[in-house]
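Written out below as structure tokens is the structure these notes cover.
In this text the structure is predicted, and so the values were computed from the model without any measurement.
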Amino acid sequence: MVNVRLNKRRLRAVVAFLTLIGLGFGGVVGYEATMAQPNQVVRADTASTTLLQLGIPKAVIQTMLDNSLESDGRTPTAAGGTVNTFTVGDVQKLKTLSLATRTKNADGTYTSKANSNVADWLGSLDYTATTGGASPVVTNDVVLGADYLSTGQTAASTILDKGVPKWSGGDQYYTPTPILNVLMAVINSATNATTLDLTGMLSKVPTQSAYSTVHMATMALVQTNKLTNLKTLNLGGNRLGSDQQGAAAIDGSAYYLFRSNTLTSNSVTDLDLSNNDFTTLDGNILSGIGSQISALNLGGNNITSIDYNNGSVFSNASKSDGGSVNLAGSENLNVSGNTAYVIASALNSGGASLTLDDKTANDLATNQLASQSAWPGVSSAGFQSIAPQLSGSTVTTIVSQNAMAVTSNVLQTLATTNADALSANTLTSLADKNANAITADALSSIAANNATAIDDKVVSSVLANKPTAITSDSLSAIAQNSAGALTSNLVSSILEKQPDAITSDSLSAIASGSADSLSPAVVSQVVNSNPTAITADSLSAIAKGNGAALNADVLATVAKTSPDAITSTSLAAVAANNADALDATTLATIAKTHPDAIDATSLRRLPRRIQPR
């Protein structure tokens with residue numbers, strides 16, 4: 001009898017080996033997996049049993065050794081572990097158990113990808129549906145669909161010590177021992193692990209025509225609810241969303257077991273379900289994740305709809321300190337109704353911690369923000385978080401239909417991160433409809449980041465509705481960057497309504513960037529109403545930028561009201577750019593009151609007809 005079993009096992013090994021070569025898998029790995037698989041798990045103290053004795057392929061064990069972490073932060077390989085010595089007890093001590101390839105980043109985080117040795121081996125196993133016993137799948141490699149193997153009725157130690165039971169509490173075991181179930185029991189023995197990384201483990205497991213829930217049924221064997229120390233659970237890239245659910249599924253309980261065992265935890269804070277081909281999130285899938293969740297990664301799934309019941313999970317993850325929800329890749333989300341509620345909940349809770357595609361962000365803003373009556377509402381913080389992604393047409397629509405939604409924080413975010421979404425017409429409309437949103441800082445940022453978004457109409461509207469937004473700094477930024485936004489009439493109006501905005505600095509900026517707005521009348525107005533703005537620097541700047549703005553009368557008044565502005569440097573600048581401003585009378589007056597201003601430098605600039613003799 002023993003020889004018959006041995007011969008059968010050898011035959012299966014040869015067939016598996018040839019098959020793997022034909023499929024392009026690592027033949028040696030497949031051969032080892034089959035040959036190393038004993039008819040019955042070694043009956044020994046579970047903790048001292050090596051994974052090699054259990055039948056786990058060497059390449060898979062090596063993956064664990066190279067990518068898992070012990071309590072001191074070393075990999076088992078670095079700590080001296082080997083394929084021949086790595087035991088179940090060693091797995092129990094791990095802080096990170098990984099069947100993926102993990103790369104440590106500069107910031108201390110890890111990037112995971114499928115490990116080809118693990119994925120190829122699991123993809124090569126026999127998942128053919130059968131009618132054996134009460135389980136939909138019973139092969140030499142795999143037993144799936146047996147509730148007692150998923151829910152914890154059968155402990156991992158029982159499987160590792162005795163084998164895979166045919167039913168709960170029974171004393172009959174499948175022969176040969178299904179190696180997939182043994183691997184899952186090894187995973188479930190990592191009771192001290194805080195991180196379980198199974199990224200891409202099932203990426204090569206093909207969809208089964210006769211068993212449409214193979215990925216979920218396999219992952220359901222991970223008893224997350226029993227791993228009470230677990231904080232991070234990485235299940236990305238395992239094709240879970242490609243499985244059929246509900247009445248369409250051959251094994252209708254697989255999805256239930258997956259969400260009630262693998263996706264149920266009171267300790268997991270970081271859950272990665274990225275790149276799993278999910279198109280919908282129903283009301284049950286995340287029902288077992290507790291309020292402790294702080295990071296939910298659904299990136300790379302083309303999700304189109306999200307059930308209302310997921311709102312609390314999304315908002316819990318978003319509002320936690322450093323939390324996040326990643327929906328990147330779901331550009332076809334129908335952001336209305338329940339889906340809009342879930343996304344709005346996350347935006348309103350944490351805002352910047354929700355990652356959306358640009359299309360989704362713009363669709364949401366158009367649907368929920370432009371319409372004042374749309375449910376659910378998006379708060380100012382939520383609007384602020386998606387502001388960097390909005391297009392100009394979206395912002396224009398919002399300002400046109402619901403300008404009050406644009407707060408000063410929202411505008412500041414747009415100004416600093418997405419100024420190109422602002423236009424002069426949009427800003428003018430905002431200033432007319434919701435002037436309180438406009439601040440001096442926002443104007444300065446817009447001028448610096450999108451100069452064309454500020455023109456004379458914008459400045460005029462802001463001055464009329466929110467004059468305090470026109471300050472020395474914002475005026476300087478506008479003058480330096482937005483050519484044509486200032487006219488002599490506007491500068492004159494600013495002097496009347498917001499005189500403190502006209503300082504030596506802003507006057508110098510106007511002279512250098514928007515000199516045409518300085519006429520003799522305007523400069524005279526400055527000299528008479530705000531003489532402290534006339535300094536040697538600003539006078540020099542005016543002379544260089546628009547010398548015609550200075551005439552003899554203006555200069556004579558400057559000499560009286562702002563005497564410190566008359567220096568040899570400023571006088572030389574005037575002489576070089578508008579010598580006619582220095583007639584004999586003005587020059588004589590300056591020579592008496594400011595003799596130090598008349599030096600060789602300034603004299604060289606004067607026309608000979610008025611130079612002192």
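A donor and an acceptor atom, one from each side chain of Thr75 and Thr77, are nowhere located under 3.5 Å apart. Checking Thr199 against Arg102 by side-chain atom types alone, no donor-acceptor pair falls below 3.5 Å. A donor-acceptor pair shorter than 3.5 Å cannot be found between the side chains of Asn276 and Asn301. There is no side-chain donor-acceptor pair under 3.5 Å between Ser315 and Asn348. For Thr82 and Asn84, the side-chain atoms include no donor-acceptor pair closer than 3.5 Å. A donor and an acceptor atom, one from each side chain of Tyr256 and Asn261, are nowhere located under 3.5 Å apart. A donor and an acceptor atom, one from each side chain of Asp126 and Thr128, are located under 3.5 Å apart. Between the side chains of Asn225 and Thr264, no donor-acceptor pair is found at a separation under 3.5 Å.
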Practice prompt. Before giving the answer on side-chain hydrogen bond (donor to acceptor under 3.5 Å, both in side chains), spell out for Thr360 and Glu331 the whole-Å C-alpha distance, their side-chain angles and the decisive distance to 0.1 Å.
Written response: CA-CA 6 Å; Thr360 301; Glu331 63 177 18; over 6 Å; no
Practice prompt. Just do the side chain to side chain contact (heavy atoms under 4.5 Å, CB included) check on Val186 and Gln92 with the steps written out, would you?
Written response: CA-CA 9 Å; Val186 169; Gln92 290 175 326; over 6 Å; no
**OP:** I would like to know whether Thr154 and Trp167 meet side chain to side chain contact (heavy atoms under 4.5 Å, CB included); could you show each step before the answer?
**Re:** CA-CA 9 Å; Thr154 301; Trp167 52 79; over 6 Å; no
- Check the pair Asp307, Asn338 against side-chain hydrogen bond (donor to acceptor under 3.5 Å, both in side chains), reporting the backbone distance first and the verdict last. CA-CA 6 Å; Asp307 187 88; Asn338 288 338; 4.7 Å; no
Practice problem: Start with the C-alpha distance between Thr111 and Asn105, add both sets of side-chain angles, then the distance that settles side-chain hydrogen bond (donor to acceptor under 3.5 Å, both in side chains), and finish with yes or no. | Solution: CA-CA 7 Å; Thr111 299; Asn105 304 313; 3.1 Å; yes
Start with the C-alpha gap between Leu94 and Leu69, add the side-chain angles, then the distance that decides, and say whether side chain to side chain contact (heavy atoms under 4.5 Å, CB included) holds. CA-CA 6 Å; Leu94 292 175; Leu69 295 175; over 6 Å; no
*asked:* Quick one, Ser267 with Ser265, criterion side-chain hydrogen bond (donor to acceptor under 3.5 Å, both in side chains). Give me CA distance, side-chain angles, the key distance, then yes/no.
replied: CA-CA 5 Å; Ser267 63; Ser265 174; 3.2 Å; yes
| request: In sequence, state the C-alpha distance, the side-chain angles, and the governing distance for Val222 and Leu198, and then conclude on side chain to side chain contact (heavy atoms under 4.5 Å, CB included). | output: CA-CA 10 Å; Val222 178; Leu198 305 181; 3.8 Å; yes
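Asn310 places no side-chain N or O within 3.5 Å of a backbone atom of Ile306 that could act as its donor or acceptor partner. For the pair Ser385 (side chain) and Gly382 (backbone), a donor-acceptor distance under 3.5 Å is present. Not one N or O on the side chain of Thr394 forms a donor-acceptor pair closer than 3.5 Å with the backbone of Leu390. Proximity of a side-chain donor or acceptor of Asn275 to a complementary backbone N or O of Gly237 within less than 3.5 Å is not detected. The main-chain N or O of Thr304 is never found under 3.5 Å from a side-chain atom of Asn334 such that the two would form a donor-acceptor pair. Under the 3.5 Å distance criterion, the side-chain polar atoms of Gln208 are matched with a main-chain donor or acceptor of Pro206. A distance-only check finds no donor-acceptor pair linking the side chain of Thr109 to the backbone of Lys104 [under 3.5 Å]. The closest donor-acceptor contact from the side chain of Ser287 to the backbone of Gly283 lies at 3.5 Å or more, if one exists at all. Checked by atom type and distance alone, the side chain of Asn115 pairs as donor or acceptor with a backbone atom of Val118 at under 3.5 Å. Using a distance-only test at 3.5 Å, with no hydrogens or angles considered, no donor-acceptor pair links the side chain of Tyr127 to the main chain of Val143.
Closest non-hydrogen pair, Asp243 versus Met216, comes out as OD2-N, 2.7 Å. Heavy-atom minimum distance, Thr339 versus Ser305: OG1-CA, 3.4 Å. Residues Leu180 and Thr218 approach most closely at CD2-CG2, 3.8 Å, considering heavy atoms. The minimum heavy-atom distance linking Ala254 with Ala220 is given by the pair O-CB, 4.3 Å. When every heavy atom of Pro165 is checked against every heavy atom of Tyr148, the shortest pair comes out as O-OH, 2.7 Å. What you find for Val410 and Ala405 is that their closest heavy atoms are CG2-O, 4.2 Å.
The CG atom of Leu125 sits 13.5 Å away from the NZ atom of Lys204 when rounded to the nearest 0.5 Å. From Lys95, atom NZ reaches atom OG1 of Thr194 across 6.0 Å, with rounding to the nearest 0.5 Å. Rounding to the nearest 0.5 angstrom, the gap separating the CG atom in Leu271 from the CD1 atom in Ile293 is 5.5 Å. Between the CG atom in Leu281 and the CG atom in Leu298 there is a gap of 5.5 Å [rounded to 0.5 Å]. Distance check: Leu333 CG to Asp363 CG gives 9.0 Å after rounding to the nearest 0.5 Å. One distance of note links CG of Leu356 with CD1 of Ile343; it measures 5.5 Å at 0.5 Å rounding.
By the 4.5 Å heavy-atom criterion applied to side chains, Ser253 and Asp147 are counted as neighbours. Side-chain contact check for Val205 versus His215: some heavy-atom pair is nearer than 4.5 Å. Counting only heavy atoms from C-beta outward, the side chains of Tyr173 and Lys166 never approach each other to under 4.5 Å. No side-chain heavy atom of Ile179 sits less than 4.5 Å from a side-chain heavy atom of Asn181. Looking only at side-chain heavy atoms (C-beta outward), Phe258 and Thr213 stay at 4.5 Å or farther from each other. In this structure, Leu51 and Thr87 have side chains that are not in contact, with every pair of non-hydrogen atoms separated by 4.5 Å or more. A 4.5 Å side-chain heavy-atom check between Phe86 and Thr50 finds every atom pair outside the cut-off. Tyr211 is listed as a side-chain neighbour of Val137, based on a closest heavy-atom distance under 4.5 Å.
No option in Val138, Leu149, Leu221, Thr139 other than Leu221 meets the side chain to side chain contact (heavy atoms under 4.5 Å, CB included) test with Leu144. Of the residues listed (Asp277, Asn332, Thr279), the one engaging Asn302 in a side chain to side chain donor-acceptor pair (under 3.5 Å) is Asn332, and it is the only one.
Residues Asp357 and Lys359 are not paired through a salt bridge, judged by the lack of any N-O separation under 4.0 Å between the basic side chain and the carboxylate. Taking the charged nitrogens against the carboxylate oxygens, Asp270 and Lys231 have no contact shorter than 4.0 Å, which rules out a salt bridge.
Not counting sequence neighbours, Glu70 has no partner by the side chain to side chain donor-acceptor pair (under 3.5 Å) test.
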